[in-house]
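Here's the structure, in structure tokens; my notes come after.
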2 protein chains.
Amino acid sequence: MNLATKIVETNIRCGECPIRHRAVCAYCEAPDLVKLDAIKSYRTYKAGETITWAGERNDMIGSVVSGVASLSRTLPDGRRQMVGLLLPSDFVGRPGRDNSPYDVVAAHEVVMCQFRKKEFENLVKSTPALEHRLLDMTLDELDSAREWMLLLGRKTAREKIASLLAIIARRNAVLERKDVVDGLQFAVPLTREAMADYLGLTIETVSRQISALKKEGIIDLIDSRHVRVPDFAILLDEAGDDSDGGMPY
Amino acid sequence: MNLATKIVETNIRCGECPIRHRAVCAYCEAPDLVKLDAIKSYRTYKAGETITWAGERNDMIGSVVSGVASLSRTLPDGRRQMVGLLLPSDFVGRPGRDNSPYDVVAAHEVVMCQFRKKEFENLVKSTPALEHRLLDMTLDELDSAREWMLLLGRKTAREKIASLLAIIARRNAVLERKDVVDGLQFAVPLTREAMADYLGLTIETVSRQISALKKEGIIDLIDSRHVRVPDFAILLDEAGDDSDGGMPY
DNA sequence: ACTGTTATTTGATCTCGATCAAGGCCAGAA
DNA sequence: TTCTGGCCTTGATCGAGATCAAATAACAGT
């Protein structure tokens, strides 16, 4: 059984959490699940609300149930770089660390399932399988971060936009249990500013490149937040690589 | 006892490995160390030699004992981005994954301490503390990758160079158990090309920015691979942030 | 020392994306 | 409806870094 299968199966079994709650659900099978259930709680954050400030002590750990959040770092003079995009099923938190150097901000209304870190870590101590799962998820995140380094360091603006759209399309399809088919329409749950911060560009360049892709018929813009892709192969080609592999986001 | 202390202490106790052999030495204390010792082997790679090809099946796991290696990704058209710099003590490998999407190349002659992955993973299964340690190291790598995303996405060429020099200086100092003091001289174990691949620049820009820093007296160039920094505060200022925290590389 | 090779520096020019600036579009409030 | 403020788009211009080109330095093998 490969990993993807495992996630889906375990998600299906997790009755209480709405959907795709990887960090937890992957261990629905674990004997200590009952304890995990006992210490979890849900919390909703409004769009734009900061979930965690960089440097601030943070004693929650959890995962995204619905909505979109971003993880970002800021230079003293205000330049910002998003370093992670948190979509439903993504784990949030740093087991074993007291604070985070990242701002976590809700890009859309976000529902998080949270645990008090202390209790979660106690549970981890007594559940080796849970730690194994955390390691596996962290390795996925590391792969994503490195894929993103390639994008930031070496791709053109056009390729960056195409890559981002491809990633969002793929993630959306997984969440809705559809295939990524030609003609699929999906929401881009980010403002132009958030896209710029993610891609290491300015909002003007983001806007111009999206316009260009539209003019060339590579994407249809339903409105500024909804895209339809007539032919995914072409979009992937514009992304500059065949990186279908390995990316959880 | 904090983590840094622990690493040093355990390194000291690890008699057989030359130095700073984190992945192993952090568990010199573990009851199964004997088994770990039994399955490890050393191997030397010449400068320029490829240790692992991207995509290739790889059944070794280990850590760098001496030398420098790089982890990089390449686009189909040849554009390359380094996504990790592996210095002595760094762990190399992807527990639980069969292949790696990265090229691992020796930048200088590298000595690696290696384990057959299968045996290593069996050991991990029976040693929860080892898995805990792996998680901790992976989280460090993730922080490094994200720090690097900020550099790639938002820093100027000059800031990138200054950041890289600061990172190398800091790592060098740690390895030699010195403080990072003004006037410290150190080797830059990378060609201009490797620096360019790491920073998302061209070799010409790297060379020009280094020349500029030299002309302005921010660094002294002993030769193209050896640098002296008269005043670290100034160099760090040029790096654009006060990121002394959190970066293992 | 000589020779061929590769790494580095420096110069000249070009280009992509940033910056500066203006205008359009849409939702919510008065 | 009109006003207002937040996004988004588009245009004009600028500049940091890429690209093209050549000279110099380091270095290994003979």
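Numbered from 1 within each chain, the chains take letters A, B, ... in sequence-line order.
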#### Entry: Pairing residues for A:N99 by the side chain to side chain contact (heavy atoms under 4.5 Å, CB included) criterion, not counting sequence neighbours
none
### Query
Is B:D77 salt-bridged to A:R154, going by a charged N under 4.0 Å from an acidic O?
no
### Residues which pass side chain to side chain contact (heavy atoms under 4.5 Å, CB included) with B:V92, listed by chain and number, not counting sequence neighbours
B:V64, B:L86, B:M112
### Query
Is B:S211 touching bases, backbone alone, or none of the nucleic acid, heavy atoms closer than 4.0 Å?
sugar-phosphate
What's touching nucleotides 4-7 of chain C from the protein side, N or O pairs under 3.5 Å?
none

#### Entry: Listed nucleotide nearest any side-chain atom of B:L221, set C:dT9, C:dG17, D:dT9
C:dT9
### Query
What is the distance from CD1 of B:I203 to P of D:dA23, rounded to the nearest Å?
17 Å
### Task
Check the distance between C:dT9's P and B:L201's CG and give it to me in whole angstrom.
14 Å
### Query
Quick one: does B:D143's side chain have a donor or acceptor within less than 3.5 Å of a partner on B:D140's backbone?
no
### Query
Please give, in whole Å, the distance from D:dC7 P to A:M195 CE?
15 Å
### Between C1' of C:dT19 and CZ of B:R154, the distance in whole Å
13 Å
### Query
So what does A:G200 hit on the nucleic acid, given a heavy-atom distance under 4.0 Å: a base, only sugar-phosphate, or nothing?
sugar-phosphate
### Summary
Sequence neighbours excluded, the answer for side chain to side chain donor-acceptor pair (under 3.5 Å) partners of A:D220 is A:R228
### salt bridge (charged side-chain N to carboxylate O under 4.0 Å, His left out) against A:R225, all qualifying residues, sequence neighbours excluded
none
#### Entry: Partner residues of A:T205 under the side chain to side chain donor-acceptor pair (under 3.5 Å) criterion, sequence neighbours left out
A:T202
### Partners passing salt bridge (charged side-chain N to carboxylate O under 4.0 Å, His left out) against B:R192 (at least two apart in sequence or in another chain)
none
Check nucleotides 19-21 of chain D against the protein and report each pair of N or O atoms closer than 3.5 Å, with its distance, or say if there are none.
residue	atom	partner	partner atom	Å
D:dT19	O4	B:R208	NH2	2.9
D:dC20	N4	B:E204	OE2	3.2

### Query
A:R79 CZ to D:dA16 P: how many Å, rounded?
13 Å
### Task
Determine, for B:E141 against B:R146, whether the closest basic-nitrogen to carboxylate-oxygen distance falls under 4.0 angstrom.
no
### Message
For B:D223, give me all partners under salt bridge (charged side-chain N to carboxylate O under 4.0 Å, His left out), at least two apart in sequence or on another chain.
### Response
none
### Query
Who are the salt bridge (charged side-chain N to carboxylate O under 4.0 Å, His left out) partners of A:R208, not counting sequence neighbours?
none
### Query
Atom NZ of B:K214 and atom C1' of C:dT8: how far apart are they, to the nearest Å?
12 Å
### Message
Base, sugar-phosphate or nothing for B:I210? Non-hydrogen atoms, less than 4.0 Å.
### Response
nothing
### Query
Rounding to a whole Å, what distance do you find between A:Q209:CD and C:dG17:P?
6 Å
### Message
In whole Å, I'd like the distance from the CD atom of A:E159 to the P atom of C:dC16.
### Response
12 Å
#### Entry: Global bending angle along the helix from C:dA1-D:dT30 to C:dA30-D:dT1, which compares the axes of five pairs at either end, to 10 degrees
40°
### Query
How would you list, by chain and number, every residue that makes a side chain to side chain contact (heavy atoms under 4.5 Å, CB included) with B:E159, sequence neighbours excluded?
A:R79, B:K155, B:T156
